[in-house]
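Below is one structure, written out as structure tokens, with a few remarks after it.
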Amino acid sequence: MAWKYLNDFSWDLDPDLYGDRLYNPFTRELYSPLEELLGIGGTADEDIDSAVLFGTLRGNVVGLRYYTGVVNNNEMVALQREPNNRYDMNAIKVNNVNGEQVGHIKKELAASLAHIMDNKLAQIEGVVPYGAHNAFTMPVLLSFWGKAENKEAVLRNLSLDGFKLAPPGKSLGFGYSGTSGKAGTSYSAPVRAAVQMTTEQLKTEFDKLFEDLKEDDKTREMEAAEAVLTPLLPHQKQSLAWMVLRENNKELPPFWEEREDFFYNTITNFAEKKRPENVLGGILADDMGLGKTLTTLAVILTNFHSGKPLPLEKKSNQLKEEYSLQQKHNLKGPSVLETEEENDSVLPQSSCPKRDKEKKFTNTVSSDSEPEEKITLINTKAPKTQPGSRKRRKGASSDVVEDSAFASALGESATYSKKAKRKGTASALGKPTTYSKAKKKGGTAVQSKKSESEENLRATLIICPLSVLSNWTDQLEQHIDPAVHLNTYVYYGSERTKDPAVLSRQDIVLTTYNVLANDYSAKSNSPLHNFKWLRVVLDEGHTIRNPNALQTKAVLDLDAQRRWILTGTPIQNSLKDLWSLLSFLKLKPFTDREWWRRTIQRPVTMGDQGGLKRLQSLIKSITLRRTKTSKVKGKPVLTLPERKVFIQHITLTDEENAIYHSVKNESKAAISRYFSEGTVLTHYADVLGALLRLRQVCCHPHLCASLPPSTFEEGNGTPEQLRTKLIEKMKLVLSSGSDEECAICLDSLNLPVITHCAHVYCKPCICEVIQREKPNAKCPLCRKEVELQQLVECPLEDSDDTEKPAQEWISSSKINALMHALLDLRKQNPAIKSIVVSQFTKFLSLIEVPLRKSGFIFTRLDGTMRQKKRTEAIQQFQSSEAGSPTVMLLSLKAGGVGLNLTAASQVFLMDPAWNPAAEDQCFDRCHRLGQKQDVTITKFIVEHSVEENMLKIQDKKRELAAGAFGAKKPSSSETKINEIKTLLDL
DNA sequence: ACCGCCGGGTGCC
DNA sequence: ACCGCCGGGTGCC
């Protein structure tokens, strides 16, 4: 069991508990109670956050003449161990900010430092006070940072070799002096660390980071291209203008200045002749529901190259027929040149942007005049619709559908049509679809990363979580003129293309983080990675917050001219999560984590004003953020109907109460034993297990019946027993209603497997790790050794029914309360739609019975459903037709942020979530853009139960968290113990 | 390197 | 002189 390793590895997390997360309303950070209660969390990287300055030491860099890396006065340098150096295994390289080697640390000092670095006793950072004009050696000022408990060891090690650190009080400690921007000036002007701000000040400052909309470039508005049928709201016109400005921007990136014939970085004092590239893109961090998707589509259509709209052909019937003929013709065999000539006369380049380097193509796409001509073609404007209203698609005709069948039979992309979608065929995401068919042509247009010129780039890659993939296709259909040839390819499913030529023909390619990561790890060929994109857009961009996750690496390895991150939660998990995002944006020098840490992350977490200033100006220059309460010209961005939350207290029946108390007493007994043994914290998994049971009994006595009784004991049995136990444990994880996530990809579990150390991952994720680290692969959560053969898979679908066969259905107090409310509503107005939310899918199943009995038409959405069924469920529920479902049974975390359930005006939360953020997100699914009615939320809470206690602790945590900033502040063990006592009334 | 270090040449004042 | 001193060769790790 996982807690066995807690003593050895301070950052062990039991995934069993990982999903039960609490919410920090300020940082919008989700954190698990386990991390909180044990005062742990994060990865080894966080050691750097809590580092203190041990002191400084002057040393020498030698061998300058052998290397090309140059440095300026006061420039920061990085130290890098070089254990395989053939002359000295203690060798330490010194690199400049660009990663070019400058020299080596002189060998005597290196011999002493190597030990410290290899054992991670300290992080050693260098600043070269006098770096320019040194031919052979140069001095370097070294700062030693590390955990306080390692300070003595470091000092001892150094003094054994005759080195002595100057005490930290003598130095500023950031490697540069706050606002002057001169790296390293501090060493000669020693001061105590810059004026430290209080937590409160920091919080205020941080709030300001995203709220400043006064600048001109963020308030200017811009109209979208004609092909965008939905009129943009004022704030969306602002985002469009700002994004177009960012994409066409020719300025130097933040913190760079042009000086004489060099470009200077004012933070690191690095300089180079080459002009640093600016980010053509940034972060659109608008709150959920402000229309990031629509705005992004508008950018794609509006800013092709140099501010001109994407050249798109207007479809006409004649064109379509010829096109369709062409299609069939080409599918018969490899195309020949004559055919292409024909093609071009019928359908110019729009559907085939990157065919080859022939002149005709270059002319049509990259010349300045040509795109304008195209625009005139689409000038016949369709009547615009109001935002949120659905645009009926007129263009789809049967020949297109036929064509799609033809195409998909050959494994090619299929034509998307609304008609087909209504029949439920083309909506299947399992196969590639395009909105309008790209011309098939014989493999002449293989695009290569290097040889294409930037003007020829056309395709935008959009990467999103699977749960919002359909949102993109829906919105494309909803907002884009159907009469326009917008080539769209959904890169998903087993039939996805391997042919870059197919991608090169697209305007938009949609895929998911998981598909991207899978392709990336399957190294063989990932067409997405062997391609230069015009744009890459990350939807729910905080998905890549974990720098070690495969998904993040796969994303960072994409090649694109312009890069966008869409996210509603800019700093979801404290400052360090920002790094992956900046790294994606390729902002020099922050793509290297060391420079990010040294210049921003650590100074800010230590309360340095200069660091915060830098962070502010950085964020300001690349981020646009509006909240639901932001205003444009004095008016709120959005006016949503009211949202009211009621708590309805439930009194259990005597019978239920008896069950509750017996479970409670049993748990109490076990946990009291841990108290007396003083092992509460090491048995925390059991504590949460007990809480889970109590929460379940509050809902329905049948819910906790299938819990494995073995949770309270340890020990090993036969391999078969172990296997059974692991499967049980995994099932508990999967069915606990917490919508477990994989600690590697941080996404929902996909093909869950459990390790012998009882941690659950996606099979592809953990296999990747084992492959990469073999032969010594370790569990990413507990560092225990893992092997491929030891992974236990979850047996398929013997599910609830077989587990508990003939248990007769009974009601419960909560079910009665719900049914009472639903029947009441129906009496008032039979058209009212309600969402019934629980963390326990089994509970939802139990609720189905009385719903059916009372004649409710309902639908259901939970994490176990395939994408196709999900889409169906949502569409049925959202339909306003008579006979459409009036109740949706929803598992708390199903669907993700993109889920739109605005048809509902009532939400019933059957059980409180650990994590108020999850509740809020859930409410936002119906209380969002498009909601016309007031929304009423009813939370059912059993009085005098663990549920009430959960609310209390949540409130307390909210308060506590509101005062915290950035880094996690683990509560004292006294607090932890008290919390457990509160929860269990001990 | 306008240094340090090495090793050969050399040796009263 | 088993030294000192001189001056040329030489130079990261």
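Numbered from 1 within each chain, the chains take letters A, B, ... in sequence-line order.
One finds no side-chain N or O of A/K107 lying less than 4.0 angstrom from the OP1 or OP2 phosphate oxygen of C/dC12.
Within 4.0 Å (heavy atoms only), A/I92 reaches no atom of the nucleic acid at all. Using a 4.0 Å heavy-atom criterion, one finds that A/K106 contacts the sugar-phosphate atoms exclusively. Within 4.0 Å (heavy atoms only), A/R86 reaches no atom of the nucleic acid at all.
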Can I get a per-line list of side-chain donor-acceptor pairs under 3.5 Å for residues 273-282 of chain A, giving both atom names and the distance, sequence neighbours left out?
from, atom 1, to, atom 2, distance (Å)
A/R275, NH2, A/K250, O, 3.0
A/N278, ND2, A/N249, OD1, 2.9
A/N278, ND2, A/E251, O, 2.9

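Aromatic stacking is not marked for A/F136 over C/dG11, as the cut-offs of 5.5 Å for the centres and 30° for the planes do not both hold.
Applying the salt bridge (charged side-chain N to carboxylate O under 4.0 Å, His left out) test to residues at least two apart or on different chains, the pairs with a partner in residues 579-588 of chain A are A/E272-A/K588.
A distance-only check finds a donor-acceptor pair linking the side chain of A/T599 to the backbone of A/W595 [under 3.5 Å].
A donor-acceptor contact under 3.5 Å is not formed by the side chain of A/Y66 with the base of C/dC13. Remark: the A/N85 side chain and the C/dC13 base include a donor-acceptor N/O pair separated by less than 3.5 Å.
A salt bridge does not link A/E152 with A/R156: none of the charged nitrogens is closer than 4.0 Å to a carboxylate oxygen.
C/dC12 atom P lies 18 Å from atom CG of A/N95, rounded to whole Å.
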